[in-house]
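Because the structure is predicted, anything quoted here is derived from the model rather than measured. Protein chains get the first letters and strands the later ones, always in sequence-line order, with residue 1 at the start of each.
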Number of protein chains: 2
Amino acid sequence: MTAARRPTPTVPDTVTQAAHLGRARTAQTRVLLEDYVELIADLAGDAADAPPIGPSTLARHLGVSHATVIKCIGRLSREGLATTLPYRGVTLTQAGLALADRVRRRHRIVVALLRAVGVPEAEAAADAEGIEHHVSDKTLAAFERFLRHTPVG
Amino acid sequence: MTAARRPTPTVPDTVTQAAHLGRARTAQTRVLLEDYVELIADLAGDAADAPPIGPSTLARHLGVSHATVIKCIGRLSREGLATTLPYRGVTLTQAGLALADRVRRRHRIVVALLRAVGVPEAEAAADAEGIEHHVSDKTLAAFERFLRHTPVG
DNA sequence: CCGCATATGTAGCCATGGCTACAATTCGGT
DNA sequence: ACCGAATTGTAGCCATGGCTACATATGCGG
Ligand SMILES: [Mn+2]
Ligand SMILES: [Mn+2]
Ligand SMILES: [Mn+2]
Ligand SMILES: [Mn+2]
């Protein structure tokens, strides 16, 4: 039972595989933060006077309870991505805005790539919401290159 | 604070967005199961007499502790994907094998698509480990179509 | 200016998936 | 046969992110 008798060729070297899976696990811890800052930025609009967004609004868009949102806003704030005052909603910090920009850009590119390889609109929109969080910078760069060098969609 | 003054066009309709994010959240609950059955199938090889795999082997490949693996094997077994006997390792059920087949195929196709749009080998291998779990059947079908109609890489 | 609908916050529950520390079993080598 | 190393299992901790139920604050319409 120490190992498979034949180290099947489909199995990559052990430490590499562990690293890949670990990386995916780590990415998971960022998913919630990324979705929140992306949504907050989208809702607040691009004006300089971005208005604070309330928990119930976020809850509606996220499809979770407002209690859950309030807890997660605590984490956002602990991580320095947003500021919040009781009964006064949440506003992104500079760091939060910077992250939101990166996340929104990546989201757009992922959707565009999916569309470009023939994924239907609705599926692209839905799947991108999960895929985006696992697209590294290098992969994103490759996506952009592909989109530039590909005629239409 | 009830909503953004301008319902910025980047924000999709509320219930659609909630559905998309909810779908990504739901997918998350399958990630662990998928990675486990995929790994177990890979390690056991394709022989009919697939040998049971021990927790420590899985732990090494997954990059987590053996205690964590043992707990997760419990879930695998509760969900009918594997059987296990004390000190005798874990074996996939028919359902587990079927899931593993789907997951491994999807994994291959995702890696191939990433390579086809120009993602470097190492990045493709790493990112695929996270992306794969968020690729729906329709999106997978689109990937296959694209790969068929695209000359080389 | 006041009451009430709505939004916000708190408390406490649960499942998951990490971990370490320790206990028990197995099994190969002598 | 049996000893000891390696594997396996158990116990108990923690953080996360869901939820419901209840409590409190806000602010608008009348
Ligand atoms: Mn997302
Ligand atoms: Mn997104
Ligand atoms: Mn994976
Ligand atoms: Mn995989």
Check whether any side-chain N or O of A/R30 sits under 4.0 Å from OP1 or OP2 of D/dT16, and answer yes or no.
no

Short side-chain N/O contact to C/dG18 OP1/OP2 from B/R75, under 4.0 Å
no

Taking for A/P86 and for A/T68 the nucleotide of DNA chain D with the nearest heavy atom, the one nearer the 5' end belongs to A/T68

To the nearest Å, how far apart are B/R60 CZ and D/dT7 C1'?
10 Å

Take the protein atom CD of B/E79 and the nucleotide atom C1' of C/dG17, then report the distance between them rounded to whole Å.
14 Å

How are the rings of A/H134 and B/H134 set to each other: parallel, tilted or perpendicular (split at 30° and 60°)?
parallel

Whole angstrom is fine here: how far is it from CD in B/Q28 over to P in D/dT16?
15 Å

Rounded to the nearest Å, what distance is computed from the CG atom of residue B/D35 to the C1' atom of nucleotide C/dG17?
13 Å

Rounded to the nearest Å, what distance is computed from the CG atom of residue A/L32 to the P atom of nucleotide D/dG17?
5 Å

Phosphate oxygens OP1/OP2 of C/dC19: is one of them under 4.0 Å from a side-chain N or O of A/R25?
no

What is the distance, to the nearest angstrom, from the CZ atom on B/R88 to the P atom on D/dG9?
10 Å

Of A/H107, A/R106, A/R104, the residue whose pairing with A/E34 passes side-chain hydrogen bond (donor to acceptor under 3.5 Å, both in side chains)
A/R106

Mind calculating the distance between CG (B/L33) and P (C/dA15) to the nearest angstrom?
16 Å

What's A/L85 touching, base or sugar-phosphate or nothing? Going by heavy atoms closer than 4.0 Å.
sugar-phosphate

Relative to the 5' end of DNA chain C, which residue comes earlier, A/I73 or B/C72, by the nucleotide with the nearest heavy atom?
A/I73

Ring stacking, A/H66 with base of C/dT8, under 5.5 Å and under 30°?
yes

Just checking B/D137: does its CG atom have more than 12 heavy atoms from other residues, nucleotides or ligands closer to it than 6.0 angstrom?
no

Kindly say whether B/L62 contributes a backbone atom to a donor-acceptor pair with the side chain of A/R25 at under 3.5 angstrom?
yes

To the side chain of A/S56, which of C/dT8, D/dT8, D/dC19 is closest?
C/dT8

Mapping B/G63 and A/A67 onto DNA chain C by nearest heavy atom, which one lands closer to the 5' end?
A/A67

Taking A/S77 for its side chain and A/T83 for its backbone only, find out whether a donor-acceptor pair lies under 3.5 Å.
no

Just the rounded figure in Å: distance from C1' of C/dG9 to NZ of A/K71.
12 Å

